[in-house]
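Since the structure comes first, as structure tokens, the remarks are kept for the end.
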Amino acid sequence: MKNLTYYILAACVLLLWSCDEAVQEHPIKETDIVAQSPDSVENTSDADEAPSKELFFNAISNEDKNKLALTEQVPLGSSYTDVQTLFSETEISELDKSKALSTATLPINIIDRKGSIVFNFSSDSLNKLTYTLTETDFEKGEELYIDLQNFYSLRYGPAIEDKVEEHNRFTRACHWDSELYIVTMTWNMNSNQISWTIAQKQEETKVN
């Protein structure tokens, strides 16, 4: 029994000696430790940003996408008749010509939220439309604002956040200045209402 114990101890000593010798022959160098550089972290974040914008787009129905991108079906410049053909007579209101800009209102339900779209016409030419949605859950107002912002950023490019001043500290707003349209969006934190307007871009007036 004693001989067996001696054999085991000798084997352990021999094993420890072999490991120590291997470490001395092949020490770990600092260059063997790979650390992720700040640049690579930043690039990874940028790479993930585009897919994150598509999460909301991919999650909603095609019907909701069509409602949010209504200008793809009736571009600005369309007539009231063009707009009316998309909806039944019971859906969209008659054209109200009592104001400087004639208007027609369409009650809507988008992404399980009630709202409306107001179509503005000048000389029977659609020149802007304004969406209004109300989020009943005050905890989800900001989430909806960001989701909608991401949806339109896929079409018009990155949103430009407007500066928050003292008089409008309970609102957040952003805008897009695309080639064809000017889009503005506002989230009223008090009412938890989000409204956005897609307007026809006016040609710059040349000064002679």
Side-chain angles (χ1 to χ4, degrees), residues 50 53-137 140-141 143-160 162 171-188 191-205:
K53 290 182 182 299
E54 296 177 2
L55 290 176
F56 175 72
F57 179 85
N58 293 332
I60 63 177
S61 67
N62 288 332
E63 183 181 359
D64 285 334
K65 291 172 187 174
N66 290 336
K67 289 177 182 176
L68 291 171
L70 206 54
T71 51
E72 294 182 6
Q73 301 170 68
V74 280
L76 297 185
S78 301
S79 67
Y80 172 70
T81 303
D82 294 332
V83 175
Q84 200 175 31
T85 55
L86 288 178
F87 313 101
S88 67
E89 293 181 0
T90 57
E91 288 182 308
I92 191 166
S93 69
E94 290 291 330
L95 197 59
D96 181 1
K97 299 180 180 180
S98 62
K99 302 175 183 178
L101 288 176
S102 303
T103 60
T105 303
L106 174 71
I108 55 168
N109 191 306
I110 302 181
I111 46 181
D112 298 325
R113 294 164 178 87
K114 292 183 178 180
S116 65
I117 303 176
V118 176
F119 300 86
N120 290 84
F121 296 87
S122 176
S123 302
D124 197 32
S125 176
L126 180 64
N127 69 351
K128 73 174 180 177
L129 57 157
T130 301
Y131 292 77
T132 302
L133 276 185
T134 301
E135 173 56 73
T136 56
D137 187 343
K140 295 183 179 180
E143 180 183 344
L144 178 61
Y145 173 77
I146 293 173
D147 282 342
L148 291 169
Q149 190 180 86
N150 286 338
F151 179 89
Y152 288 106
S153 290
L154 291 173
R155 281 170 163 70
Y156 304 123
I160 303 169
D162 297 342
T171 63
R172 278 184 64 181
C174 64
H175 67 277
W176 294 262
D177 189 1
S178 72
E179 185 178 349
L180 297 176
Y181 305 135
I182 294 177
V183 184
T184 57
M185 180 180 291
T186 302
W187 167 38
N188 186 316
S191 63
N192 221 26
Q193 191 175 78
I194 300 172
S195 59
W196 63 101
T197 297
I198 303 176
Q200 198 160 30
K201 195 168 186 179
Q202 302 295 324
E203 293 184 5
E204 294 182 1
T205 304

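This one's a predicted model, so the numbers in the text were calculated from it and none came from an experiment.
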To the nearest 0.5 Å, tell me how far [X] [atom1] sits from [Y] [atom2].
X	Y	atom1	atom2	value
Gln73	Ser78	CD	OG	10.5 Å
Cys174	Ile160	SG	CD1	9.0 Å
Lys128	Thr130	NZ	OG1	5.0 Å
Lys65	Ile110	NZ	CD1	14.0 Å
Phe121	Asp96	CZ	CG	12.0 Å

Hey, does [Y] have a side-chain heavy atom less than 4.5 Å from the side chain of [X]?
X	Y	value
Trp196	Leu68	yes
Phe119	Ile92	yes
Ile194	Met185	yes
Ile117	Leu70	yes
Trp187	Gln149	no
Val118	Leu129	no
Glu91	Leu106	yes
Asn120	Leu126	no

Whether the Tyr181 and Trp176 side chains hold a donor-acceptor pair (N or O, under 3.5 Å, no angle test) is what I'd like checked.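 Side-chain D/A pair, Tyr181 to Trp176: absent.
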
[X] (side chain) donor-acceptor with [Y] (main chain) under 3.5 angstrom:
X	Y	value
Asp124	Tyr80	yes
Asn58	Glu54	yes
Asp147	Leu144	no
Asn66	Asn62	yes
Lys114	Thr134	no
Lys67	Asn109	yes

What's the verdict on side chain to side chain donor-acceptor pair (under 3.5 Å) for Thr132 and Ser195, showing C-alpha distance, side-chain angles and the deciding distance? CA-CA 4 Å; Thr132 302; Ser195 59; 5.2 Å; no

Nearest heavy atoms of [X] and [Y], plus distance in Å:
X	Y	value
Ser122	Asn127	CB-ND2, 4.0 Å
Ile108	Ser116	CG1-N, 3.5 Å
Gly141	Asn192	CA-OD1, 3.3 Å
Ala69	Tyr131	N-OH, 4.2 Å
Leu76	Ala199	CD1-C, 3.4 Å

Glu135 and side chain to side chain donor-acceptor pair (under 3.5 Å): which single residue from Gln193, Arg113, Lys140 fits?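 Only match with Glu135 under side chain to side chain donor-acceptor pair (under 3.5 Å): Arg113.
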
If you count every heavy atom of other residues, nucleotides or ligands that lies below 6.0 Å from Glu63 atom CD, does the total exceed 12?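 Not more than 12 within 6.0 Å, no.
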
Is the CG atom of Asp112 crowded by more than 12 outside heavy atoms at less than 6.0 Å?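 No, because the 6.0 Å sphere around CG of Asp112 holds 12 heavy atoms or fewer from other groups.
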
side-chain contact (heavy atoms from CB on, under 4.5 Å) partner of His175, the single match among Ile182, Thr184, Val183, Thr197: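 In the set Ile182, Thr184, Val183, Thr197, the residue that makes a side-chain contact (heavy atoms from CB on, under 4.5 Å) with His175 is Thr184.
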
Using the side-chain contact (heavy atoms from CB on, under 4.5 Å) definition, which of the options Asp177, Ile198, Leu180 pairs with Tyr156?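 Between Tyr156 and the candidates, side-chain contact (heavy atoms from CB on, under 4.5 Å) is satisfied uniquely by Ile198.
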
As a quick check of understanding, evaluate side chain to side chain donor-acceptor pair (under 3.5 Å) for Asn150 and Ser153, giving each step before the final call. CA-CA 5 Å; Asn150 286 338; Ser153 290; 5.1 Å; no

Salt-bridge contact Lys201-Glu179 (side-chain N to carboxylate O under 4.0 Å):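 Here Lys201 does not pair with Glu179 in a salt bridge, since their nearest N and O are not under 4.0 Å apart.
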
